[in-house]
Amino acid sequence: MHYPGPDFTPWPPDVARRYRRAGYWRGEPLHQWLRDLAARHGDRVAVVGGEARWTYRELARRADRLAAGLRERGVRRGDRFIVQLPNVPEFFAVVFALFRLGALPVFALPAHRRSEISYFAELTGAVGYAVADRYAGFDYRGLAREVHAAAPGLAHVLVAGDPGEFTALSDVDAEPADLPAGPEASDVAFLNISGGSTGLPKLIPRTHDDYLYSVRASAGICGLDESGVYLCVLPVAHNFSLSSPGVLGALHAGGRVVLAARPAPEEAFPLIAREGVTITALVPPLAKVWLDAVPHRRPDLSSLRVVQVGGARLSDEVAARVRPTFGCALQQVFGMAEGLVNYTRLDDPDELVVTTQGRPISPDDEIRIVDQHDDEVPAGQTGQLLTRGPYTVRGYYRAAEHNAVAFTPDGFYRTGDLVRRTPTGHLVVEGRAKDQINRGGEKIAAEEVENHLLAHPAVLDVAVVAVPDPVLGERTCAVVVPRGEPPAPAALRAFLRGRGLADFKIPDRVQLVPAFPLTGVGKVSKSVLRSRLAAALAAGGPAVP
Ligand code: OOB
């Protein structure tokens with residue numbers, strides 16, 4: 001299949017010059033950065049995960065040897081390589097080895113399944129795929145088998161753990177003596193995944209320069225230094241836990257990364273006490289679970305300095321519980337894999353920390369809050385957030401048609417978020433204009449699920465919308481107009497699983513209706529559907545729209 005569009009949309013040359021002059025882009029590629037960290041912090045522990053405790057030197061050594069091993073097997077600069085690793089130390093060895101070669105990791109989430117991974121393989125023409133053997137009760141070698149059958153171009157399937165018929169990561173190993181020069185800092189370093197709002201997931205090309213700027217600046221904003229211990233409980237490859245300031249921010253500061261296999265309090269609380277964790281990042285539903293667990297578990301959380309919450313809207317009520325319950329500062333984080341990240345600052349007054357989602361990292365993050373004609377709304381009013389800046393991309397990977405609508409002609413990214421700005425410059429997220437469900441931080445593009453459901457013979461039409469949920473904030477409801485005999489909701493869910501869709505995208509509810517409410521121009525009115533569903537749910541009855 002042919003995907004028109006560039007791999008990377010560069011910043012205009014004069015803008016790039018400005019970002020370099022301002023010192024945001026420093027010309028340092030990520031593999032060089034790791035080498036410098038190893039030189040500076042050599043014997044300090046960099047990464048803790050399971051039984052492993054790797055020093056900075058050990059991490060750099062493993063990455064170099066793995067890079068040499070991959071090169072021997074034919075992986076080259078510019079190649080794409082899907083990385084679907086859970087929170088294990090091998091994640092760092094693999095991505096830094098790829099950075100060293102200038103091959104691009106394509107970050108997938110552990111929850112992704114055949115549908116998503118085969119699409120990434122096809123879109124990127126990836127040469128390899130790195131997985132764990134088993135994780136959270138799922139065997140990734142089975143998934144690799146299915147994906148490999150459909151995408152034979154995936155020449156290298158590497159497995160952390162027992163490889164089965166594939167290659168053990170530990171066998172990819174060679175003397176790093178003859179490695180060629182690595183990539184430039186202005187090159188694309190990796191492809192990240194977007195939450196998406198249209199039919200197929202989008203990939204986001206991030207450069208070494210722009211990403212490292214966001215990491216460095218984030219580490220500063222979050223007060224990380226050598227004494228920092230970052231607990232990673234969300235998937236490590238997600239932008240929040242990777243760079244906001246995340247695991248890379250902790251490494252940048254010479255601190256320590258602690259990887260939790262599961263985010264539940266019974267796993268995370270003992271790790272916090274044992275490792276002296278100072279900072280961690282949660283999505284709102286997880287923050288609630290942790291808050292509720294504190295009174296009866298009585299954990300020792302005395303080392304915590306900051307608990308970050310982001311990825312979805314945190315209610316003011318839950319926000320207000322963080323400091324008294326955890327005994328540390330709350331930091332709200334409103335970010336996106338496309339770039340822009342906002343933080344409440346550690347010295348912000350409580351009122352702002354509890355009620356806003358923070359302000360941008362950079363003085364050169366440009367923010368426009370606009371109406372449906374792209375005209376700026378009056379100060380303090382709610383509108384759609386547009387942004388551009390030194391670490392916000394100018395285009396998705398191989399997606400020319402989508403780029404034409406997702407970015408303004410002058411390069412602003414249309415976030416699809418509805419926000420207002422306080423006089424202090426803090427943003428408050430008021431809602432969303434994009435056709436996406438935010439299920440406790442996990443993003444679901446309605447159209448992607450709709451397209452899968454439309455392939456079912458008993459589905460005449462379908463609209464996937466968010467319904468409010470006390471735990472996750474939102475859940476998904478597929479509103480289906482049946483063709484002939486109405487399909488059973490369980491059968492539709494099984495159908496989606498059979499198509500290899502990630503579990504978090506399977507609708508929580510399926511609602512059958514004879515017809516949709518329509519807008520004036522005859523399109524399905526999702527806003528009417530959403531409010532009818534919400535009203536029916538609030539009334540406690542069946543959610544009949
Ligand atoms: C983070 O990144 P993504 O790419 O998974 O999702 C971005 C979208 C935003 O456009 C917004 O709709 C929503 O997630 N979002 C929030 C939020 N943080 C993200 N909505 C309300 N309140 C918040 N605090 O989710 C992400 C990336 C980096 C850091 C933190 C989160």
Side-chain angles (χ1 to χ4, degrees), residues 107-109 111-112 191-197 201-204 206 211 214-215 217-219 221-222 230 232-249 279-287 307-316 318-319 322 330-344 352-361 365 367 382 384-387 391-393 396 406 412-420 426-446 466 472-474 502 504-505:
F107 288 128
L109 294 172
H112 285 144
L191 300 173
N192 215 341
I193 34 167
S194 148
S197 53
K202 299 290 175 291
L203 293 176
I204 303 166
R206 301 287 303 257
Y211 211 61
S214 75
V215 167
S218 296
I221 288 168
C222 300
Y230 179 90
C232 180
V233 294
L234 302 175
V236 60
H238 188 271
N239 205 52
F240 190 7
S241 24
L242 191 57
S243 67
S244 309
V247 295
L248 296 182
I279 176 169
T280 191
L282 308 174
V283 287
L286 189 56
V307 167
Q308 302 180 293
V309 184
R313 182 65 152 92
L314 178 66
S315 73
D316 297 2
V318 177
V322 169
L330 163 69
Q331 178 174 57
Q332 295 213 41
V333 188
F334 162 41
M336 50 210 72
E338 286 80 358
L340 179 72
V341 181
N342 303 276
Y343 297 99
T344 56
L352 283 174
V353 172
V354 167
T355 61
T356 80
Q357 281 64 59
R359 58 185 173 84
I361 290 179
D365 280 322
I367 298 291
T382 299
Q384 299 203 24
L385 171 64
L386 312 183
T387 186
Y391 60 98
T392 297
V393 294
Y396 291 103
F412 279 82
Y413 167 56
R414 297 182 188 277
T415 67
D417 292 314
L418 297 175
V419 304
R420 67 181 163 83
H426 290 64
L427 300 177
V428 178
V429 181
E430 297 283 12
R432 193 164 55 238
K434 55 191 165 189
D435 199 6
Q436 184 185 76
I437 294 96
N438 189 335
R439 194 175 180 277
E442 292 186 303
K443 316 302 182 322
I444 299 153
L472 292 179
E474 296 176 2
F504 69 88
K505 298 180 186 171

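All ligand and atom numbering here is 1-based and tracks the order in the structure.
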Any residue meeting salt bridge (Lys or Arg N to Asp or Glu O under 4.0 Å) with [X], in chain and number order, not counting sequence neighbours:
| X | result |
| --- | --- |
| Arg359 | none |
| Asp365 | none |
| Glu474 | Arg432 |

Discussion item. Students should find this: residues with any non-hydrogen atom under 4.0 Å from ligand 1. What is the answer?
Written reply: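 Ligand 1 pocket, heavy atoms under 4.0 Å: His238, Asn239, Phe240, Ser244, Gly310, Gly311, Ala312, Arg313, Val333, Phe334, Gly335, Met336, Ala337, Gln357, Asp417, Val429, Lys434, Asn438, Lys443.
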- prompt: Is the backbone N or O of Ser244 less than 3.5 Å from a side-chain atom of Gln308, with the two atoms forming a donor-acceptor pair by type?
  reply: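 The answer is yes, because a donor-acceptor pair under 3.5 Å joins these two groups.
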Donor-acceptor pair between Gln332 and Thr356 side chains, under 3.5 angstrom:
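Absent: no donor and acceptor within the cut-off.
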### Query
Can you say whether the rings of Phe504 and His112 are parallel (under 30°), tilted (30 to 60°) or perpendicular (over 60°)?
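Phe504 vs His112 ring planes: tilted.
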